[in-house]
J.: 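One structure follows; several queries about it will come next.
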Amino acid sequence: MGTTSRPDNKIFCKTLYPKPPWYWQLLGNLLSLVVWVAELLPVLMILREMVKCEPWYMAEVHSYHDLLVWFLIPQRIWYYFLLRIVRQTICPVMKFAAVVAIKWT
C-alpha cells in the first residue's frame, strides 16, 4: 500500500502552520480561563450557600475525622446531589453562553 495523501494537499496540513505570537496565545489562555470560571459559577454559588447555611458547629477542626464529619452531616448531603445535577445540566449551558458572549465581542 502506498501513501493516500497527495503532495498538493500539503498546504492544508495544520501542523505545518506557524504558531501564533505569544501575545495571541496569552489572550487565548486568558479567554479560556474566563470561560472556565463562568462555567463553574453555579457550582461556586452552591458551595457558598452550603457553607453559609450550615456553619461550623465545632469550635475548631483538629483532625481529618472532624473535617469528614463536617462534610457529611445530613443537612449537607443534599447539596452534593444538587452539585452533581448542576454540573451535568447548568454548567454546560453556562460554558456555551460564555463562549458565545466572547465570540460576539
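What's counted below: heavy atoms across the whole structure, side chains too, no hydrogens, waters or symmetry copies.
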J.: Quick one: do Val99 and Met94 end up in the same hydrophobic cluster if we chain Ile, Leu, Val, Met, Phe, Trp and Tyr together by side-chain heavy atoms under 4.5 Å apart?
T.: no
J.: Not counting sequence neighbours, which residues clear side-chain contact (heavy atoms from CB on, under 4.5 Å) with Leu16? List them please.
T.: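 Leu16: side-chain contact (heavy atoms from CB on, under 4.5 Å) contacts with Lys10, Cys13.
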J.: Show every ring-ring contact (aromatic ring centres under 6.0 Å, His included) that has at least one partner inside residues 15-41, sequence neighbours left out.
T.: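 Listed once each, the pairs would be none.
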J.: Roughly how far apart are Ile46 CD1 and Leu41 CG, rounded to 0.5 Å?
T.: 11.5 Å
J.: Is a side-chain N or O of Glu39 found less than 3.5 angstrom from the main chain of Pro92, in a donor-acceptor match?
T.: no
J.: With rounding to the nearest 0.5 Å, note down the distance linking CG in Leu82 to CD1 in Ile77.
T.: 13.0 Å
J.: Quick check: is Val34 connected to Val43 through a chain of hydrophobic side chains (ILVMFWY, heavy atoms under 4.5 Å apart)?
T.: no
J.: Just jot down the side-chain contact (heavy atoms from CB on, under 4.5 Å) partners of Leu68, sequence neighbours excluded, or say none.
T.: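 Here the qualifying residues are Leu72.
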J.: Identify the two heavy atoms, one from Glu49 and one from Tyr79, that lie closest to each other, and give their separation to 0.1 Å.
T.: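 That closest heavy-atom pairing would be O-OH, 4.0 Å.
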J.: Supply the atom-to-atom distance Leu40 CG to Arg87 CZ, rounded to the nearest 0.5 angstrom.
T.: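 Here the interatomic distance stands at 5.5 Å.
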J.: Identify, with sequence neighbours excluded, every residue that meets side-chain contact (heavy atoms from CB on, under 4.5 Å) alongside Ala98.
T.: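 Partners of Ala98 under the side-chain contact (heavy atoms from CB on, under 4.5 Å) test: Val35, Ala38.
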J.: What's the spacing between Ile85 CD1 and Cys91 SG if we round to 0.5 Å?
T.: 12.5 Å
J.: Sequence neighbours left out, what passes side-chain contact (heavy atoms from CB on, under 4.5 Å) with Ser63? Give chain and number order.
T.: His65, Asp66
J.: Decide side-chain contact (heavy atoms from CB on, under 4.5 Å) for Val37 and Leu44; before the verdict, give the C-alpha distance in whole Å, the side-chain angles of both, and the deciding distance to 0.1 Å.
T.: CA-CA 9 Å; Val37 168; Leu44 294 174; 5.5 Å; no
J.: To the nearest 0.5 Å, what is the distance between CE (Met45) and CZ (Arg48)?
T.: 8.0 Å
J.: What pairs meet the ring-ring contact (aromatic ring centres under 6.0 Å, His included) rule with one or both residues in residues 80-105, with sequence neighbours excluded?
T.: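 Qualifying pairs: Trp78-Phe81.
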